[in-house]
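Everything below concerns the one structure shown next.
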Amino acid sequence: MTPAALPAEPAQLLEMYRSMVQIRTFEDTVQKLYEKALVHGSTHLCQGQEAVAVGWAAALTPDDYTSYTYRGHGHALARGMSPEAAFAEILGRSTGVNRGKGGSMHLTDARLGLMGCFAIVGSGLPVAVGLGRGAQLRRETRVSVTFFGDGASNIGAFHESLNLAAIWKAPVIFVCENNLYGEYSRINLTTTVDDIAVRATAYAMPSQIVDGNDVQAVYQAAQTVVERARTGGGPTLVECKTYRQRGHSRSDAGAYRPPEEVTSWLARDPLIITRRQLLDSGSVTSADIAAVDDSVATAIANAAAAAEQAPWPDLAEITRDVHA
Amino acid sequence: MTPAALPAEPAQLLEMYRSMVQIRTFEDTVQKLYEKALVHGSTHLCQGQEAVAVGWAAALTPDDYTSYTYRGHGHALARGMSPEAAFAEILGRSTGVNRGKGGSMHLTDARLGLMGCFAIVGSGLPVAVGLGRGAQLRRETRVSVTFFGDGASNIGAFHESLNLAAIWKAPVIFVCENNLYGEYSRINLTTTVDDIAVRATAYAMPSQIVDGNDVQAVYQAAQTVVERARTGGGPTLVECKTYRQRGHSRSDAGAYRPPEEVTSWLARDPLIITRRQLLDSGSVTSADIAAVDDSVATAIANAAAAAEQAPWPDLAEITRDVHA
Amino acid sequence: MPDATVTYREALNHALADALAEDPAVVLLGEDIAAAGGSFKVTDGLLARFGPDRVMDTPISETGFLGAAVGLALIGFRPVVEIMFAEFAGVAFDQIVTTAAKHRYLSAGQMHVPMVVRVVGGSGLGFGAQHSQTTESWYTATPGLKVVTAASPQDAYHLLRSAIADPDPVVFIEHKRLYVRRGPFQPTAAPVPIGRAAVVRSGADLTIVASLAMVAESLAAAESLAAAGIDVEVIDIRTLVPMDVDTVVASVSRTARLLVVEEQPLSGGWSGHLVAEVVSRAFESLELPPARMGVVEAPIPFSHALEAKAVPSAETIAARATTLLGR
Amino acid sequence: MPDATVTYREALNHALADALAEDPAVVLLGEDIAAAGGSFKVTDGLLARFGPDRVMDTPISETGFLGAAVGLALIGFRPVVEIMFAEFAGVAFDQIVTTAAKHRYLSAGQMHVPMVVRVVGGSGLGFGAQHSQTTESWYTATPGLKVVTAASPQDAYHLLRSAIADPDPVVFIEHKRLYVRRGPFQPTAAPVPIGRAAVVRSGADLTIVASLAMVAESLAAAESLAAAGIDVEVIDIRTLVPMDVDTVVASVSRTARLLVVEEQPLSGGWSGHLVAEVVSRAFESLELPPARMGVVEAPIPFSHALEAKAVPSAETIAARATTLLGR
Ligand SMILES: Cc1ncc(C[n+]2csc(CCOP(=O)(O)OP(=O)(O)O)c2C)c(N)n1
Ligand SMILES: Cc1ncc(C[n+]2csc(CCOP(=O)(O)OP(=O)(O)O)c2C)c(N)n1
Ligand SMILES: [Mg+2]
Ligand SMILES: [Mg+2]
């Protein structure tokens, strides 16, 4: 019998808040490092989407698999990646999670079930199907959760992956973070449906729409969907409605977005919503929240400072890990 | 204002019947030529699916574009390809429509709007979107109709093409010939939906299911859908339910199909259905029908004989038409 | 006791069956490979023997199932994927050259991708321009991938076993025209490692290097040249990445003459790399500039009358060798 | 009057604008090329000038819009498609190498496919392993395609114009590191035909052939070698299919020494084909075996400290040339 999804207790919610603040602070710091010319290449930050990463991570066990995209810092941190190792990777240092060989778009930590960032839009979805299929073949209860954007739902790999997961009834959860934009294009310019979730119909797959800025809502939906997948109920498509508060990548100011749209979504900032929920619970005070904010700020600042000091990778890394 | 779709008059229906018998006889003859070891490579015959090709062709004007697959002989003949030139192509002769360079999987005649057979599953669909988009950009009333199988609806190109046509509102008609099998796999083993038509939902696109063995039904549906596309109403997904009476390709006897399934579909042979409709109309007699059958038999036999006598292509053809 | 004789197709089938039997991590995926035993029957009987968890039919979704194979490989399975005709990989190219090839590197060795992509290539059976290429060149510029070809039943068995045992992704190219060819078969012989060419005929006057169906054509050419007093050494290059240049250099240091024959257009084939490497290492040994033969610079034409002339054959190889040697 | 000076990016923008203005059949398609002016701003301003029927934003559907471009081309349009990063063509490879490349042939010349695929390639900006390749080799084994590269603003303009005017499909490779480079620009100069290499520096001691960003590196190497008394000729190969071997052979017949530099792994690059052709035609002129330099046999690493060392540079080219000449 599927246990009912429960709301997070105040202590757990405070921990989720801490995780969200950690992601926010991390991302803001990456932007600053970029502006200090310490980050080469591109970064794709997720400010505003923290509740998705954290709500899902809270519903998973360490055995579960996640996969995600170039906009993946939040997912990595939410499941426990060390901020220092993440910073170091983004700075291209030898202490990075991928020893500097991957970069911002590829934060990976297999020990934490963080199976990879896929920087080609859609390419992670079939891999996630394979991860879930593998768990199924081994009669394990692990699930495979894969995160992607609204824009990614227009690419062929999306379609093939959902169909394949459906025919295998594999424990794969497709989480579309609908942040309204694919790069600089609003979703209504690239697809004619309002909700990506309707696309599940094409595979007779269950689907669900969730307020992606409300970590409680994400967490509760995630529990139900994960439980279904764990118990042989097969795949689900979950659409988390959210918003990318910043531009698409490092240098994009996002000027193409209507100001009212930005304003209204900033008012629904996931941190604001969670803070309100915490205070409403009655068992968390403003001081508790401020303490979390402060400790995160210190930890992230220290992590960034340590990463900035980390050595460059050895030249031998260039040809290491190509083959066995 | 969209004119209502009309049923075919008896004379027109008799002509459709002639076209269907021509396709059937052509395909049966190809099989015999293959058994006589005159056909190299593969053939994919369409016995049982003639009503789809003919019903759609009847609703098109010579300006419209069609594209189709390796199972394309019927579509080519229905829009007027010379059977002799088609046979010659399948036999690899210089008088073939593609001078022997394409073969059975690529019968093409641009003058007739037959823009190409695509032998990679799904690859014709995006091309068809471009053809329709071109007509739209030129403010023409042409439409682009593309035929593909049930199996093809599982490939990424299908998804991308429908989405793209929808966002452009281009005059593209996607006709899925659901013959229940993709090669040797029954549809229920490769997708979880019963009707491919439901996939249109994912693009907010209109769709329709048609009895693909009833040429009258196909013709009427085609008229409506074509008219919508011609008048700016955008794309439609039409699923024609039909049956591949033979195996997937030349040497496949189709033994994996349940005998009852085969029997029940043979009872719904499109030629039988159309003959009944003709006789029911009161203005066509059995003798009229027999006359059509005979004249087609003679014409196809002559066409095949002529193709068998045709010369092989010149060796210079090998490197001709690679570039301008 | 004389060797057993099997077809190339049977040898591949044995390799898959033995791998499935020995290692529970091996799984097969592809279109119509299970219930139907494969379009070319390479996987015939394996579903019945190993069941649907090991031998999986898939929808027509090359991106989907190649990507799923990567996912399976990341967690310890050893998937072997069939691509029914080599060109079909074009719809899923990204999953091979980007996802599979780079995951070990991108993760700095945290994960690896022990998968095999069996690609059915080759001309000669009238399948036309979209179903007749060998496509080695699609893969040879991708560090992280190995590219292996088999020209005989014995190699088909052993190289496929080596590919499946390899910890990294391997594109394994088969030639459909060879499926019915018979040859000696010793499954218990020493494994054939990836990265080692084979001298399949010794000779003193000219080294011919070939792969896939071109090996048999070259051997036939060598026979007819022998009658004319020309003694040809034939090397099956076998692996394109990594390429065994040593064996070719050793041969050329004796014959002083090199002809490379491949079933691809020379504009993008692997013969250029081989010639360039040989020249850089055996320049002084060469009496003549190395020559190359490939497919005409055109798609493979359908007509039987044309197809056979578009690809090197024993006759054209022998003719070219004769001209080269100035006979 | 001195030549105007523009960036490579601006030159491409001019080429597109002029093509759009001169020929109503020209249309542009790609992700974020219209309203946003392109990820690298190559199409900036074109939507405003030519409107949404000529400059079209597309969903993230490379197979969809590349295939749509083929359809447009078949009926007389001249689509120019942007692939934002070269590797993204991997998800739509089939539409380029099979659909676009073969439709003229398969229809025996009834139709043709005058389209250009603009592919943004190249390393050096820290984009990592999935966004830094040049990918020429993906295309060079495909008869029916032309493969063109541009190394300077002047060539960027003229070669792109030639590609758009070409009646057949052209893969046009740009290098993202060059976008900001300035150079002389004469839009009214004679057109640069596809298939013609350019001697960009004359010299007597060594011929270096390169493409894309490797041209500037080779020129810089030549400058530093000149100081050491080594006189280098530098050729920009420009077109990989068809390849202008004549120009290289003519050069080598004077210099007797050849070094080919490309931004790809040598295992699958185009330098092998060039060396093999040159050797077959200029064997007697060569004093040394031709040498090659390419990207290390690895994906392009992200870290700035590694990326720069993975690719040939002016310094490593100069060092190699010095060793070659035994100085
Ligand atoms: C196949 C492919 N095409 C294009 C791109 C370039 N690209 C990177 S991110 C992006 C937008 C993706 O939008 P969405 O899926 O909504 O994700 P978001 O960035 O909003 O998280 C695009 C077009 C790519 N990486 N891969
Ligand atoms: C990309 C690709 N994968 C696989 C094939 C091999 N193949 C040819 S026809 C076919 C079955 C197609 O089934 P369906 O779409 O239902 O069309 P039908 O043959 O029934 O007309 C397959 C798998 C192919 N041609 N292209
Ligand atoms: Mg988005
Ligand atoms: Mg079918």
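In this text, all values refer to a predicted model and were calculated from it rather than measured experimentally. Worth knowing before you read on, the calculation uses all heavy atoms, side chains too, and leaves out hydrogens, waters and symmetry mates. Chain identifiers are assigned alphabetically (A, B, ...) following the order of the sequence lines, protein sequences preceding nucleic acid strands; residue numbering begins at 1 within each chain.
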If you compare all heavy atoms of S303(D) against all heavy atoms of G92(A), which two are closest, and at what distance to 0.1 Å?
OG-O, 2.6 Å

Going by the rule salt bridge (charged side-chain N to carboxylate O under 4.0 Å, His left out), which residues pair with K101(A) if we only count those two or more places apart in sequence or in a different chain?
E317(A), D321(A)

Applying a strict 4.5 Å limit to non-hydrogen atoms, the region of I90(A) in contact with chain D is backbone

Could you report the tightest heavy-atom contact between I60(D) and V121(A), atom names first, then the distance?
CG2-CG1, 3.8 Å

Contacting region of S132(D) [heavy-atom separation from chain A under 4.5 Å]:
neither

Shortest non-hydrogen pair, V296(D) vs T319(A), comes out as CB-CG2, 4.3 Å

Taking every non-hydrogen pair under 4.5 Å, which of L125(D), V91(D), T63(D) racks up the most with chain A?
L125(D)

What part of H323(A) lies closer than 4.5 angstrom to a heavy atom of chain D: side chain, backbone, both or neither?
neither

For D314(A), which atoms come within 4.5 Å of any heavy atom of chain D: side chain, backbone, both, or neither?
backbone

More than 12 heavy atoms of other residues, nucleotides or ligands under 6.0 Å from NE2 of H304(D): is that the case?
no

Once rounded to the nearest 0.5 Å, what's the spacing between atom NE2 of H248(A) and atom OG of S39(D)?
6.5 Å

Identify, with sequence neighbours excluded, every residue that meets salt bridge (charged side-chain N to carboxylate O under 4.0 Å, His left out) alongside E174(D).
R118(D)

P59(D) backbone acceptor or donor facing T190(A) side chain under 3.5 Å
no

Which atoms form the tightest heavy-atom contact between A36(D) and Y184(A), and what is the distance?
CB-CD1, 3.4 Å

CZ (R99(A)) and CG (L306(D)) are apart, to the nearest 0.5 Å, by 10.5 Å

Greater than 12 external heavy atoms within 6.0 Å of E315(D)'s CD
no

Value rounded to 0.5 Å, distance of CD1 in I300(D) from CD1 in I318(A)
9.5 Å

Closest non-hydrogen atom pair, F302(D) against G103(A)
CD2-CA, 3.2 Å

Pair count under 4.5 Å, heavy atoms only, with chain D: among L189(A), T191(A), N154(A), V322(A), highest is N154(A)

Greatest number of heavy atom pairs closer than 4.5 Å to chain A - which of E31(D), M84(D), E307(D), E62(D):
M84(D)

Check A119(A) against Q130(D) and note the closest heavy-atom contact, atom names and distance.
N-OE1, 3.1 Å

Between Y70(A) and chain D, which part of the residue has a heavy atom less than 4.5 Å away: side chain, backbone, both or neither?
neither

Can you tell me which of A35(D), A310(D), A305(D) forms the most heavy-atom pairs within a distance under 4.5 Å of chain A?
A305(D)

